[in-house]
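Just below is one structure, and these are the notes that go with it.
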Amino acid sequence: MHIDNNQLLRFTTAGSVDDGKSTLIGRLLYDSKSIFEDQLESVSATSAKKGHKGVDLALFTDGLRDEREQGITIDVAYRYFTTPKRKFIIADTPGHIQYTRNMVTGASTANAAVILIDARHGVIEQTKRHSFIASLLNIPHLIVCINKMDLVDYSEERFNEIIGQFEEFSSKLLMKDVRFIPISALDGDNVVNRSENMFWYQGGTLLNILETLHISSDINKIDARFPVQTVLRPQSEEHRDYRGYAGRVASGIYRVGDEVAVLPSGFTSKIRSINSGETEVEEAYAPMSIAMSLEDDIDVSRGDMIVRVNNQPEPTQEFDVMLCWLNNDAAKPRAKYTVMHTSSEQRAMIKEVVYKVDINSYERLSEDKDLYMNDIARVKIRCTRPLMLDSYRENRNTGSIILIDENTNETVAAGMVV
Amino acid sequence: MSKYYLNYLDELESEAIYILREVWAQFENPVILFSGGKDSILVTHLAKKAFFPAKIPFALLHVDTGHNFPETIYFRDDLVKELGVNLIVGSVQESINNGRVAEERGKNATRNALQITTLLDTIEEHRIDCAIGGGRRDEEKARAKERFFSHRNDFGEWDPKNQRPELWNLLNGKHFEGEHFRAFPISNWTEMDVWNYIKRENIKIPSLYVAHEREVVWRSNSWIPNSEYLKLEAGEKIYTKKIRFRTLGDITITGGIESEADTLEKIVQEVSAMRKTERGDRSDDKRSETAMEDRKKQGYF
């Protein structure tokens with residue numbers, strides 16, 4: 001296998017068993033030969049026990065005991081498969097409204113979202129919800145699979161009708177790259193192998209599209225942002241004076257000799273060296289984990305951000321975010337939370353709920369100010385000290401925050417800087 | 001012009017290094033859970049890269065069942081010496097002697113489940129607040145639900161239905177006194193990725209992973225190695241076969257496979273053609289549908 005150039009693509013699938021989501025994932029794994037014999041045997045045995053004809057592909061994605069018993073996905077489950085072209089990570093999330101938080105979680109790192117529509121039902125409330133979340137989380141690519149085409153006689157007309165429905169509501173959303181594929185996950189049409197029942201469809205199969213999506217531009221390579229995770233100070237004779245600022249490049253490209261500023265202090269220096277593991281390199285780019293040393297002896301610690309002198313984020317103490325509430329305990333007005341942003345932590349409070357969003361109709365609800373689990377709202381946050389923020393649309397890594405409840409230590413909310 | 005994207009092994013490496021550095025930054029007293037298996041060797045190798053040119057700032061913690069492949073212990077001691085790190089050993093035999101646990105009885109008795117108590121006791125005794133493991137989500141369905149930073153309550157228990165959501169690269173390791181975390185830097189790696197990377201980086205691994213002539217008996221559908229702990233049952237016979245192991249656990253329960261793969265190159269080829277999961281030969285996972293989930297909830301690796 002030529003692994004040298006093979007990229008990693010993360011995608012999320014939202015939906016319920018009824019849409020055929022589990023069957024679709026099972027089909028992808030099965031037809032791409034990513035299922036092992038012992039898994040197949042165990043699923044075949046369970047299928048037979050349940051009285052299914054043949055192998056129930058949905059069983060490949062079975063998870064925890066409660067999920068098996070209830071036949072649902074409760075949490076995000078990760079699945080892996082590799083083809084000669086790419087490695088894939090699927091974040092498989094439940095599609096019900098009470099699991100919005102899991103969808104948001106799965107979507108947060110995805111390059112692509114696969115949305116399933118039942119060809120018999122067309123666009124429904126759930127489709128709008130999933131599309132809204134994909135757009136809110138700024139997933140670069142959206143693949144809409146119109147499933148169960150076998151149940152609508154593989155009708156091209158029906159396929160186009162559903163595309164029309166989708167275009168209508170999605171014009172309000174920010175989406176860059178949307179594709180439509182007519183499939184039958186149950187029979188495998190257009191999932192991995194081309195359908196013999198839909199000659200009118202000229203596009204690629206789902207796997208083919210996943211293998212060829214242009215993803216190397218998904219990470220911002222323009223604005224150089226380097227949050228410092230920790231400082232490396234070796235005790236050995238050989239490296240006595242070395243001070244390495246360790247972190248993962250959040251965006252952009254850094255080269256030895258670049259003039260940089262350390263935020264929030266504002267001190268400037270030049271990059272002396274860049275290390276990737278044990279190797280010295282001339283340049284580093286997102287998402288590489290590196291250690292950087294500077295020409296001048298200045299004070300740098302965890303939570304600081306090293307940026308280019310002529311391209312700096314705005315240090316901001318008060319800002320607006322689109323917030324998704326993730327916790328069972330409702331948001332407490334004016335209560336203190338810890339905000340985590342890149343490697344920095346501050347205390348913060350929710351100053352104001354500007355409006356809540358009805359994620360099925362996209363309406364703004366400006367009267368309702370209480371935030372419960374799965375709610376999405378625009379809020380104003382105020383921090384004790386400035387954060388080095390970019391807008392989420394520009395930069396997923398430096399435009400995202402989480403809130404932690406100081407009483408329980410739980411992660412209670414996720415926010416995208418407006 | 002150079003390319004500005006990573007291949008998938010580099011991206012997995014970068015993610016793992018990021019997680020290891022987060023552990024170091026967020027916890028007081030983290031350790032690497034070291035079993036001598038390829039996954040914990042890989043994690044240790046990644047830690048070396050993450051902190052270079054400084055030393056690995058974590059001790060290695062080995063839960064010693066007393067039923068080891070002797071080679072695992074030599075390998076462990078050599079590595080500890082080479083890296084100059086501390087080694088903490090939690091001994092299952094000691095837990096038995098102290099009456100903390102009792103040996104399982106019956107035909108398929110193992111010390112697998114006993115490790116949980118020893119591990120949790122060791123974590124408490126050394127005030128460890130984060131144990132870094134080589135668990136991977138592709139191994140087993142309960143592990144597919146693991147977070148990078150996985151919370152354990154003060155009884156060491158995992159609550160899979162009430163996990164902290166993990167978004168973007170923001171890892172929340174906040175905890176109260178007595179609680180601890182498990183961190184899984186290679187969550188997103190598959191068996192194939194691990195082998196490709198071991199080959200690429202030429203990482204030293206115990207020769208148990210490589211095919212050699214070994215004495216084995218056929219039991220529960222796999223080749224169990226002969227050892228001082230093995231009691232032959234009626235009808236069982238010792239064979240000499242060319243065998244290698246896909247995973248290394250307790251010597252009493254780890255089944256090997258017949259193989260001709262005696263180099264890393266050949267192992268990678270063999271694994272890519274493999275049609276069975278690697279834990280398929282581990283009798284600890286075969287006990288029930290939810291064997292792993294049940295053990296993990298109690299505090300297993």
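Numbered from 1 within each chain, the chains take letters A, B, ... in sequence-line order.
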- Could you tell me which non-hydrogen atom of Q7(A) sits nearest to which non-hydrogen atom of Y8(B), and how far apart they are? C-CB, 4.0 Å
- Within 6.0 Å of OH in Y30(A), more than 12 heavy atoms from elsewhere: no
- Item | Residue among S343(A), S216(A), S400(A) with most heavy-atom pairs under 4.5 Å to chain B | S400(A)
- Message: Please find the pair of heavy atoms, one from F52(B) and one from G277(A), that lie closest to each other, and give the distance.
- Response: CD2-O, 3.4 Å
- Item | Under 4.5 Å from a heavy atom of chain B, the part of N397(A) involved | side chain
- Would one find more than 12 heavy atoms of other residues, nucleotides or ligands at under 6.0 Å from atom CZ of F176(B)? yes
- Do you know which of R137(B), Q26(B), H151(B), E146(B) has the most heavy-atom pairs under 4.5 Å to chain A? R137(B)
- Hey, is CG on N86(B) packed in by over 12 heavy atoms from elsewhere, all under 6.0 Å? no
- Item | Part of L46(B) within contact of chain A (heavy atom distance under 4.5 Å) | neither
- Message: Heavy-atom pairs under 4.5 Å with chain B - which of T109(A), I253(A), T342(A) has more of them than the others?
- Response: I253(A)
- For the residue pair A77(A) and K145(B), what are the closest heavy atoms and their distance? CB-CE, 3.2 Å
- Item | Heavy atoms of other groups near R127(B) CZ, more than 12 under 6.0 Å | no
- Message: Is I402(A) close to chain B through its backbone or its side chain, or both, or neither, when contacts mean heavy atoms under 4.5 Å?
- Response: both
- Message: Using the rule given for side-chain hydrogen bond (donor to acceptor under 3.5 Å, both in side chains), can you reason through N188(B) versus Y80(A), listing the C-alpha separation, both sets of side-chain angles and the distance that settles it, and then say yes or no?
- Response: CA-CA 8 Å; N188(B) 281 331; Y80(A) 303 85; 2.5 Å; yes
- One should read off an interatomic distance between Y285(A) OH and Y5(B) OH, to the nearest 0.5 angstrom, of 8.5 Å
- Name the region of R10(A), side chain, backbone, both or neither, that has any atom closer than 4.5 Å to a heavy atom of chain B. side chain
- Using the salt bridge (Lys or Arg N to Asp or Glu O under 4.0 Å) rule, take E22(B) and R248(A) through it: C-alpha gap first, then chi angles, then the decisive distance, then the call. CA-CA 11 Å; E22(B) 267 322 273; R248(A) 196 177 192 194; over 6 Å; no
- Quick one: which of R302(A), Q235(A), E238(A), R233(A) has the most heavy-atom pairs under 4.5 Å with chain B, could you say? R302(A)
- Item | Distance (rounded to the nearest 0.5 Å) between L167(B) CG and T411(A) OG1 | 8.0 Å
- N7(B) vs N6(A), side chain to side chain contact (heavy atoms under 4.5 Å, CB included): CA-CA, chis, key distance, verdict: CA-CA 5 Å; N7(B) 72 38; N6(A) 285 5; 5.5 Å; no
- Item | Contacting region of A50(B) [heavy-atom separation from chain A under 4.5 Å] | backbone
- Query: Hey, what do you get for CG (D193(B)) to NZ (K87(A)), rounding to the nearest 0.5 Å?
  - Reply: 3.5 Å
- Query: Of the backbone (N, CA, C, O) and the side chain (C-beta and beyond), which part of W24(B) lies under 4.5 Å from a heavy atom of chain A, both, or neither?
  - Reply: side chain
- Item | Option that, when pairs with chain B are counted at under 4.5 Å, heavy atom only, ranks first among N328(A), I290(A), L137(A), T279(A) | I290(A)
- Query: Where do P53(B) and Y242(A) come nearest, in terms of heavy atoms and distance?
  - Reply: CD-CE2, 3.4 Å
- Query: Which atom pair, heavy atoms only, marks the closest approach of L6(B) to M288(A)?
  - Reply: CD2-CG, 3.6 Å
- Note on the structure: So OG of S289(A) and CD1 of I17(B): to nearest 0.5 Å the spacing works out to 5.5 Å
- Contact summary for R164(B) and E410(A), nearest pair of heavy atoms: NE-CA, 4.1 Å
- Note on the structure: Ranking V231(A), L232(A), T230(A) by heavy-atom pairs under 4.5 Å to chain B gives rank one to L232(A)
- Largest heavy-atom contact set with chain A, pairs under 4.5 Å, which of K55(B), K49(B), K48(B), K174(B): K174(B)
- Message: For N169(B), which atoms come within 4.5 Å of any heavy atom of chain A: side chain, backbone, both, or neither?
- Response: side chain
